[in-house]
Amino acid sequence: MAEPGTRDLLSDFDIFLLGEGRHRDMGTCLGAQVMNIDGMDGVRFALWAPNARHVSVVGNFNGWHGEQNQMRLRGAGIWEIFIPGLAPGEIYKYEITGPHGVLPLKADPVARQAEAPPATGSIIADPVMPRRAPPLRHAQPAGLNQPLAIYEVHARSWMRHFDGTSYNWQELAARLIPYVQDLGFTHIELMPVMGHPFGGSWGYQPLSQFAPMPESGTPQDFAHFVDACHEAGLGLILDWVPAHFPGDAHGFAQFDGTALYEHADPREGFHPDWNTMIFNLGRFEVRGFLIASALFWLEHFNADGLRVDAVASMLYRDYSRKDGEWVPNQYGGRENLEAISFLKELSNAINERCPGALLIAEESTAWPGVTQPTRDGGLGFTHKWNMGWMHDTLNYLAQDPVNRSYHHGEMTFGLAYAFTERFVLPISHDEVVHGKRSLLGRMPGDEWQRFANLRAYLGFMWAHPGKKLLFMGCEFGQPTEWNHDAELSWHLLQYESHRGIQGTVRALNHVLRSEPALYQRDFDPSGFAWLVGDDRAQSVFAYLRMGDEGAPPVLAVSNLTPVPRADYRIGVPGGAWREVFNSDSLGFGGSGVGNAGTLHAAPEPSHGHTHSLRLTLPPLATLILRQEP
């Protein structure tokens, strides 16, 4: 029998699928795989480097000399070797001789564990995983008629030790999960946990598409965190970056001495905004690598969904480029046909293998059909961030109330297109950095008014059609911008005003979960009706939300001036209406103005209804009322 080091290790079918870019289980095929061959324990290494002349595995086990463990070339540019005696925990890299000489030592693109920066080695991962709790995926694709309230988290700066060091996954499980559970969110969304060399990129420049960031613990530790989320009834969404990667010498760039993962032409392969390299999605092998990565986080770690970063930069060849700095597609247009094809292939693969998983696009343009099925010509995402709604409404709230009448349309315009896609309303990390100020810091007026504005805005957002996303710290009114090198300002919760914001979010999530009218028809125009959309003089907005048959309708009213208004008449379906949320509640730090208890609609026609309510509108506040049975 041939020695393991001299015979084929991967099957011919593996080689075929890798060459076609259709190997969906790359995380258990390429890279370092612990196994037993012919009674010998060791590790099989496999690597895609089609233009390399020689490839060796190096590490402490061979003194980092490439002469000893030279790999064999198979078809499709795949190199392989079995090294007996190696075990999990060993650090390794690849020594590659390209067409023009020996390259800097390369980390493994498919490593499942990596050294913590500034070290750059790959680590042979222990294949043993903890007991897995099943993912929280709904029977209907992506739970489209379910409440979805997402708490966005940067894991390394949510909370820290007294000495400034970050929590690990076990500590986050113990502190973060109960906190999010108490506030009533349905999901945690983690900014990229894939290993990345520079913390200042917040994870959006990853080089480890299969390995959790080592600073927070082992892959097993991360798997325990995912399980803890599921056991607490929380879904987990991971930010994922298939658009670009940093040019660090140990990474993907010029991996085998050629532009392998990236485009050779800098007009296609270099991103001027981020000084990064752009994945060449015209290569089947690169597409297969990225799709296998996406599936790995959903299948291996049981994540409930992915939020795909920077989709707009992928769709347009001229994104952030001047004339002459980009290459048109084969038809002379600006659309990136290869990226479009990739995104469709990605969504089809996830839909087939992980039914019910969320696939959310961060896409800031008017590209049509982002959330339409691929069979209908769409990209196949389950949801899309509504960046326009976010920009318009935040700009409105930043105005002094005396000037808001001139910006009234910024609060209503989002309903002109609210049902063209399945939208998430995102107040994300991008809105509280780089001089934009914190969410609370954007609000005008004195201290009381700033907090009242924020509570009213959150109420408007939670009642508005679309799923919800809120970045950490916004839920208690952090007054300063987010700093990724420090924890949130938890000490502020000693003050009633900040506890009031936190209580507002908790109450809104409770109302969201308990009122089907606020989520069942988020993407159906039949679930929404304007009642007052044109009262710009008083800056009042009122609308009905309707759910499926049998769900009581909900009335939302926002008064976005500091003037309380008595006997404000709004037409509604007849019957009794109970105030279930008031952002001006004393318990939230408000003035206590409102409509306590239950009101009965009088037979006075208004706003197209035969009955109406005469409401007291608190200053700078949002009310939510439910029709009683």
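As the structure is a prediction and not an experimental result, all values here were calculated from the model. Numbering starts at 1 and runs along the sequence shown.
Checked by atom type, the side-chain pair Glu152/His429 shows a donor-acceptor distance below 3.5 Å. For the residue pair His54/Thr97, the side-chain donor-acceptor check at 3.5 Å is not satisfied. With hydrogens and angles left out, the side-chain atoms of Asn69 and Ser56 include no donor and acceptor closer than 3.5 Å. Using a 3.5 Å distance cut-off with no hydrogens or angles, the side chains of Asp14 and Ser11 do pair a donor with an acceptor. Gln209 and Trp240 share a side-chain donor-acceptor pair at under 3.5 Å. Between the side chains of Arg287 and Ser341, at least one donor N or O lies within less than 3.5 Å of an accepting N or O. There is no side-chain donor-acceptor pair under 3.5 Å between Asp126 and Gln220. A donor-acceptor pair shorter than 3.5 Å cannot be found between the side chains of Asn168 and Ser216. Side-chain contact of Tyr151 with Trp158: a donor-acceptor pair under 3.5 Å is present, judged by distance alone. Side-chain contact of Tyr316 with Asn336: a donor-acceptor pair under 3.5 Å is absent, judged by distance alone. Side-chain contact check for His161 and Glu171: at least one donor-acceptor pair (N or O, by modelled atom type) lies under 3.5 Å.
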Exercise for the section: Output, in order, the C-alpha distance, side-chain angles, deciding distance and verdict of side chain to side chain contact (heavy atoms under 4.5 Å, CB included) for Val110 and Phe296. Expected result: CA-CA 11 Å; Val110 191; Phe296 187 77; over 6 Å; no

Exercise for the section: List the steps, then state whether side chain to side chain contact (heavy atoms under 4.5 Å, CB included) holds for Phe381 with Val311. Expected result: CA-CA 11 Å; Phe381 286 88; Val311 172; 4.1 Å; yes

Exercise for the section: Decide yes or no on side chain to side chain contact (heavy atoms under 4.5 Å, CB included) for Phe185 and Tyr179, but give the supporting numbers first. Expected result: CA-CA 9 Å; Phe185 287 94; Tyr179 178 79; over 6 Å; no

Exercise for the section: Report the C-alpha separation of Glu80 and Arg44 in whole Å, then their side-chain angles, then the decisive distance to 0.1 Å, and conclude whether the salt bridge (charged side-chain N to carboxylate O under 4.0 Å, His left out) test is met. Expected result: CA-CA 7 Å; Glu80 64 179 14; Arg44 184 195 70 199; over 6 Å; no

Practice task
Could you go through the side chain to side chain contact (heavy atoms under 4.5 Å, CB included) check for Trp79 and Phe45 one step at a time?
Solution key: CA-CA 8 Å; Trp79 299 76; Phe45 296 87; over 6 Å; no

Exercise for the section: Let me see the working for Glu338 and Arg317 under salt bridge (charged side-chain N to carboxylate O under 4.0 Å, His left out), right down to the final yes or no. Expected result: CA-CA 10 Å; Glu338 294 82 8; Arg317 286 177 162 266; 3.1 Å; yes

Practice task
Output, in order, the C-alpha distance, side-chain angles, deciding distance and verdict of ring pair (Phe, Tyr, Trp, His ring centres under 6.0 Å) for His271 and Trp326.
Solution key: CA-CA 11 Å; His271 204 297; Trp326 59 283; over 10 Å; no

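For the pair Ser122 (side chain) and Ala107 (backbone), a donor-acceptor distance under 3.5 Å is absent. Although no hydrogens or angles enter the test, the distance criterion places no donor-acceptor pair under 3.5 Å between the side chain of Lys344 and the main chain of Gly380. Formation of a donor-acceptor pair under 3.5 Å by the Asp8 side chain with backbone atoms of Leu10 is not found in this model. The main-chain N or O of Asp273 is never found under 3.5 Å from a side-chain atom of Ser320 such that the two would form a donor-acceptor pair. At least one donor-acceptor pair closer than 3.5 Å links the side chain of His196 to the backbone N or O of Met194.
When each of Glu421, Lys467, Glu363, Arg307 is checked for a side-chain contact (heavy atoms from CB on, under 4.5 Å) with Trp385, only Arg307 meets the rule. Among Phe255, Phe252, Trp48, the single residue meeting the ring pair (Phe, Tyr, Trp, His ring centres under 6.0 Å) criterion with Phe289 is Phe252.
Using a cut-off of 4.0 Å between Lys/Arg side-chain N and Asp/Glu carboxylate O, Arg267 and Glu325 are scored as not salt-bridged. Using a cut-off of 4.0 Å between Lys/Arg side-chain N and Asp/Glu carboxylate O, Glu262 and Arg283 are scored as not salt-bridged. Using a cutoff of 4.0 Å between basic side-chain nitrogens and carboxylate oxygens, Arg353 and Glu299 are scored as salt-bridged. Under 4.0 Å is where a charged nitrogen must lie from a carboxylate oxygen, and between Arg156 and Asp485 no such pair does. A salt bridge links Arg74 with Asp12: at least one charged nitrogen is closer than 4.0 Å to a carboxylate oxygen. A salt bridge links Glu345 to Arg24: one of the charged nitrogens lies within less than 4.0 Å of a carboxylate oxygen.
Considering CD1 of Ile81 and CG of Leu47, their distance stands at 12.0 Å, rounded to 0.5 Å. To the nearest 0.5 Å, the span separating CG on Leu306 from OG on Ser347 amounts to 12.0 Å.
In terms of heavy-atom proximity, Asn329 sits nearest to Arg334 at ND2-N, 4.2 Å. Here the closest non-hydrogen pair linking Cys474 and Ile427 is SG-CG2, 4.3 Å. Nearest approach of Leu298 to Ala303, heavy atoms of both residues: CD2-O, 3.5 Å. Between Ala232 and Ile177 the shortest heavy-atom distance is CB-CG2, 3.5 Å. Between Leu488 and Gly473, the closest heavy-atom pair is CD1-N, 3.6 Å.
Ring pair His154/His484 is perpendicular by interplanar angle, where above 60° counts as perpendicular and below 30° as parallel. Between Tyr94 and Tyr92, the two ring planes are perpendicular [angle over 60°; tilted spans 30° to 60°]. Taking the six-membered ring where the residue is Trp, Phe16 and Phe13 present parallel rings, their angle staying beneath 30° rather than reaching 60°.
The aromatic ring centroids of Trp169 and His224 lie 6.0 Å or more from each other. For an aromatic pair to be called close, the ring centres must be under 6.0 Å apart, and Phe245 with Tyr204 fails this.
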